[in-house]
Amino acid sequence: MLCSYPEVDVPVELLARLRQGKAAGVLWYGENLPDAATAARNAAAIQQAAGGAANAAPAIVATDQEGGGVRRIPGPPEASAQALATQGTAAIRDQARAAAVALRQWGINVNLAPVADVGRTGSFLMAQERSFGTNPVTVGADVVAFVAGLQDGGVAATLKHFPGLGAAVTNTDLASSVVDIPADILRSIDLAPFAAGIGARTDIVMVSSAKYPALDSVPAVVSRAIVRDVLRGQLGFNGVIISDAFDTDAVAAVGPIAATAVAAANAGVDLFISRQAPPCTQIQAALANAITEGRIPRADAEAAYTRVMQLRSGLASK
């Protein structure tokens, strides 16, 4: 789990969970980030707690710094992805590198960006200017540049929202969403930027909570066909697979959060996030119980754990 919380200072209960090895780190939103000094102090406390665990490793401290309207700290990239796309890949890489430098100053080592979705007219991502564009080739090049810039600055990148939300009219943070386009279009257009980003050695891929009827009857986050067969198998991604926010209406439509988390783990999700604090403990307990009871194969759990720990260990040198 990456745990979230509404306060400015890290709750003592969360620091205890980090020391107990029951959380991989934190996900920060704007309310957690009043200024750089406070964030750096909290990040130090988080890292100290994670360092005291039996499975000690740097904690993941993540946020969303896409650019434009989706920024958790002031500074680059001030332009949206749509605007950045007009500036060229060299400028995108420079902006992403500058963002990484700023994020590190705030104690943040993972960016839940860039958006790798190919936009469509009428989609919520295009309305929010969060897509680099409508051409899969140029979107892929822009994604690679953004990833490279973050890596230059020592921050891990995250491609989102696999297998592509660019045609979605509804934001899955707010309601259930269906991306009802043919499988051949998804493969030739929507997957292309993800393949490019994976080729650039992106550390993390975020899986969408939308449904893709051409690929499976269930949302992507709980779909073995999408996560294991397409992302792991066809695209050969070997890094960490993270959920989108798990405490949303789109996920709730699948079923109770605990059972859905187990289904997502069995689909191939390694790491979970939520917008609120309670799901952190609920999901962690559900996964631990499912492993103990054999409802999640131990070999799969150990493989996911290894991928997350490899990511965390690599953050020390970023």
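Because the structure is predicted, anything quoted here is derived from the model rather than measured. Starting from 1, each residue takes its place in the sequence as its number.
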Problem set entry | Check: Arg295 side chain, Asn266 main-chain N or O, donor-acceptor pair, under 3.5 Å | no

Problem set entry | Under 3.5 Å donor-acceptor, Gln65 side chain and Arg72 backbone | yes

For this session: Determine yes or no for a side-chain-to-main-chain donor-acceptor pair under 3.5 angstrom, with Ser131 supplying the side chain and Asp117 the backbone.
Result: yes

Problem set entry | Over 12 non-hydrogen atoms of neighbours within 6.0 angstrom of NZ in Lys160 | yes

Exercise. Minimum heavy-atom separation for Arg228 to Ala267, with atom names?
Worked result: CG-O, 2.9 Å

Seminar exercise, completed: Minimal heavy-atom distance between Cys3 and Leu14, with the atoms involved, is CB-CD1, 3.6 Å

Problem set entry | Taking every non-hydrogen atom, the tightest pair across Gly153 and Ala100 | CA-CB, 3.6 Å

Exercise. Run the salt bridge (Lys or Arg N to Asp or Glu O under 4.0 Å) check on Arg275 and Asp64 step by step: do they pass?
Worked result: CA-CA 12 Å; Arg275 298 175 299 182; Asp64 302 91; over 6 Å; no

Problem set entry | Least distance between heavy atoms, Ala96 atom then Phe146 atom | CB-O, 3.3 Å

For this session: Determine whether Leu191 and Val137 fall in the same hydrophobic cluster, where Ile, Leu, Val, Met, Phe, Trp and Tyr are linked whenever their side-chain heavy atoms lie under 4.5 Å apart.
Result: no

For this session: Could you check Asp216 against Arg224 for salt bridge (Lys or Arg N to Asp or Glu O under 4.0 Å), going step by step and ending with a plain yes or no?
Result: CA-CA 9 Å; Asp216 204 346; Arg224 291 176 67 92; over 6 Å; no

For this session: Spell out, yes or no, whether Tyr29 and Ile60 are grouped together once hydrophobic residues are joined by side-chain heavy atoms under 4.5 Å, including indirect joins.
Result: yes

For this session: Take Leu27 and Leu112, measure what side-chain contact (heavy atoms from CB on, under 4.5 Å) needs, and give me the verdict at the end.
Result: CA-CA 9 Å; Leu27 171 58; Leu112 300 184; 3.6 Å; yes

Exercise. What is the minimum heavy-atom distance between Gly119 and Thr134, and which atoms define it?
Worked result: O-CG2, 3.3 Å

Exercise. Can you hop from Val144 to Leu150 via hydrophobic side chains spaced under 4.5 Å?
Worked result: no

For this session: Report the distance from atom CZ of Arg71 to atom OG1 of Thr63, rounding to the nearest 0.5 Å.
Result: 12.0 Å

Exercise. Between Ser177 and Ala210, is there a donor-acceptor pair closer than 3.5 Å when you use the side chain of the first and the backbone of the second?
Worked result: no

Problem set entry | Minimum-distance pair of heavy atoms, taken over all atoms of Val222 and Ala263 | CG1-CB, 4.0 Å

For this session: Could you grab the distance from atom CG of Asn32 to atom CH2 of Trp106, nearest 0.5 Å is fine?
Result: 11.0 Å

Problem set entry | Crowding at CD, Gln48 (>12 non-hydrogen neighbours, <6.0 Å) | no

Problem set entry | salt bridge (Lys or Arg N to Asp or Glu O under 4.0 Å) between Asp94 and Arg97, worked out | CA-CA 5 Å; Asp94 287 344; Arg97 183 188 301 111; 2.9 Å; yes

Seminar exercise, completed: d(Ser80 OG, Phe132 CZ) to nearest 0.5 Å is 9.0 Å

For this session: Please determine, by modelled atom types, if Gln151 and Arg201 share a side-chain donor-acceptor pair under 3.5 angstrom.
Result: no

For this session: Show your working on side-chain contact (heavy atoms from CB on, under 4.5 Å) between Phe237 and Leu159 and close with a plain yes or no.
Result: CA-CA 11 Å; Phe237 180 62; Leu159 305 180; over 6 Å; no

For this session: Verify side-chain contact (heavy atoms from CB on, under 4.5 Å) between Ile181 and Arg120, making sure each step is shown before the conclusion.
Result: CA-CA 12 Å; Ile181 55 179; Arg120 311 296 206 285; 3.6 Å; yes

Problem set entry | Point-to-point distance, once rounded to the nearest 0.5 Å, from CD1 of Ile257 to OG of Ser274 | 6.5 Å

Problem set entry | Rounded distance (nearest 0.5 Å) linking atom CD1 of Ile273 with atom CE of Met206 | 4.0 Å

